[in-house]
Amino acid sequence: MNHTFETIYEKESDAIFRFCLVRVSSREQSLDITQETFLRLWQSLKKGEDIQNSRAFLFTIAHRLVIDWYRKKKSLSWDKIFSKDDKEIDVVDEKTTEINLSTSAEGRYLMDKINELSPSYRDPVYLRYGEDLSPPEIGEILGISTNAASVRINRGLEELRKKYLSR
Amino acid sequence: MKDNNLQNSIEEIKKIKMTALEKKRVFEYVVNSKISSSQESIRSPWFNYSFIARIKKTRLAYYVVVPLIIILASGGIAFASEDSLPNSILYPIKVSIVEPIRGALTFSPKAKAVYESNLATKRMVEAETLAGEGKLNQPIENRLNNLLERHTASLNNALNKVDKIESTTGSIGQSEDLITNFHANMNAHAQVLDILSGKKEYDQNGQYNDIQISKTARDNADLITNISKNDEIKTENKIQNKLDNYKRRKEAIQSLIDKTTTELDRASAKPSASSQEIIESTNQTLNRAKQFLYDANEHENKGDQAGAYSTLLDSESSVKEAGIFLQTGLKFGGKFKGKWND
């Protein structure tokens, strides 16, 4: 089991990290979510669960953890707004770009534009072109049909082109 | 993807990776984590002795336990529907499922006749209960009416079979007991229902018009009785057999009259505004029973054996009706809306 996990980890850890980073735009947070994602995989393997597609499994877990992270962050933001604390309010939303990337400006710009896409298009587009996942795999991860995934990919790409080329 | 700039940007994103240190740190954390072991549930020391554990060990038990649970749950619903009234959501279960099933499980014609007669009485009691609460509306009346017709038809079928058995075996009396009981119950409860519902209407001729269910009950009672009497006329042998039973039945009716009179006297000792009309009406019915008994004796003295026996049955029916009306009327006493003869 250790060997299986190690193999999967070597193959997928960067992709999961990258996926989280595009979404949360914070390296530390991305590392935390990546760690939690693989911890879930480790526990499932230890229980003897039969995981047919480890890639889809990991992206599904990561996707849900990112959503949970946003929910916690937003509720925390509202608490800060309504508190009498004099500290500076840090309103976090999905477009916060606290990016600490060792990548080119072009890459960072594209990530910004992906994050500006409609929520239903953002993940399908990234998973398709950023991680080379197939529409069936994307459908499985996001809990939608293969057809729906294909439609969102195409529409998302059109929208991304407009945004990217509008500069 | 045609745009080279967009493609290049995507390639840039794909270069994003964890550092070697970050990757090692995450890996070691996961494989050395103690969270996974602590999340295993601790089995109770009593697990091996628990019923659920035994079920889990034997898959075949599912084929026994699950049907058993379904049966018990169904029994619970059936039990809960037992006392339901026509305005309850469980009532359809009672009249469409529970009662027909029970009826199907009664095998002898006599048992079926008793069962259907009791069901007819039950419908009247349900009507009385709702009328006492002011909840007896037209749709419910219609429903109860239809059920009453159904029970009467089933009773008639069963009585025919009882009659045939009696003709074959030579034994008599069972069908007559059933008929007089049904007649008494229908008339007594119809009378109570009329008073409880407060619906008293008189036509142009001064004749009283009772409510629909009461009318159906009385009509059905007469129908069953008349069918039986018509059959008696056709069968001479049956009449001869009944004459042998005449004395026994006469003594039983006299005993019943005495008993009902005692109960009436007891109720009369502590009269109230509501019980007074019950006592008066019971007294009238009891007097009717006594008159029938006297008339039966007159027929017997004249040698009209068939007439004597028929009138004797009328007496029996009337005294039973008086007893049932007294008992039921006193139970609903506080809910009577007005006097009988206003």
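A, B, ... follow the sequence lines: proteins, then strands. Residue 1 opens every chain.
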Exercise. Which is it for A:F38 and B:F27 under the side-chain contact (heavy atoms from CB on, under 4.5 Å) test, yes or no, and what are the steps along the way?
Worked result: CA-CA 8 Å; A:F38 280 96; B:F27 180 82; over 6 Å; no
Self-check item: Full working for side-chain contact (heavy atoms from CB on, under 4.5 Å) between B:R25 and A:L31
Solution: CA-CA 10 Å; B:R25 190 184 78 195; A:L31 286 170; 3.7 Å; yes
Does A:Y126 form a side-chain contact (heavy atoms from CB on, under 4.5 Å) with B:I13? I'd like the steps, not just the answer.
CA-CA 10 Å; A:Y126 175 77; B:I13 291 177; 4.0 Å; yes
Could you walk me through whether B:M18 and A:L21 pass the side-chain contact (heavy atoms from CB on, under 4.5 Å) test, one step at a time? CA-CA 10 Å; B:M18 290 191 285; A:L21 189 61; over 6 Å; no
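Using a cut-off of 4.0 Å between Lys/Arg side-chain N and Asp/Glu carboxylate O, B:K14 and A:E131 are scored as not salt-bridged.
For A:L41, no part lies under 4.5 angstrom from a heavy atom of chain B. Residue A:E36 does not touch chain B at all, counting heavy-atom pairs closer than 4.5 Å. Of the two parts of A:F17, only the side chain, counted from C-beta on, holds a non-hydrogen atom closer than 4.5 Å to a non-hydrogen atom of chain B. Neither the backbone nor the side chain of A:N2 comes within contact range of chain B; no heavy atoms are under 4.5 Å apart.
Between atom SG of residue A:C20 and atom CD1 of residue B:I16 there is a gap of 12.0 Å, rounded to the nearest 0.5 Å. The distance from the CG atom of A:L160 to the CD1 atom of B:I10 is 7.0 Å, given to the nearest 0.5 Å. Once rounded to the nearest 0.5 Å, the distance linking OG of A:S13 with CD of B:E22 reads 10.5 Å. Expressed to the nearest 0.5 Å, how far CG of A:D14 lies from NZ of B:K15 amounts to 14.0 Å.
Residues B:T19 and A:R27 have side chains in contact (heavy-atom distance under 4.5 Å, counting atoms from C-beta outward). At least one side-chain heavy atom of A:W42 sits less than 4.5 Å from a side-chain heavy atom of B:S33.
Counting non-hydrogen atoms of other residues, nucleotides and ligands closer than 6.0 Å to CZ of A:R55 gives a total above 12. Within a 6.0 Å sphere centred on CG of B:N157, other residues, nucleotides and ligands contribute more than 12 heavy atoms. A 6.0 Å sphere centred on NZ of B:K112 holds more than 12 heavy atoms belonging to other residues, nucleotides or ligands. No more than 12 heavy atoms of other residues, nucleotides or ligands lie within 6.0 Å of CZ in A:R155, so this atom counts as exposed by the packing criterion. Summarising the local packing, NZ of B:K161 is surrounded by 12 or fewer heavy atoms from other residues, nucleotides or ligands at distances under 6.0 Å. When the shell of 6.0 Å around CG of B:L105 is examined, it contains more than 12 heavy atoms from other residues, nucleotides or ligands.
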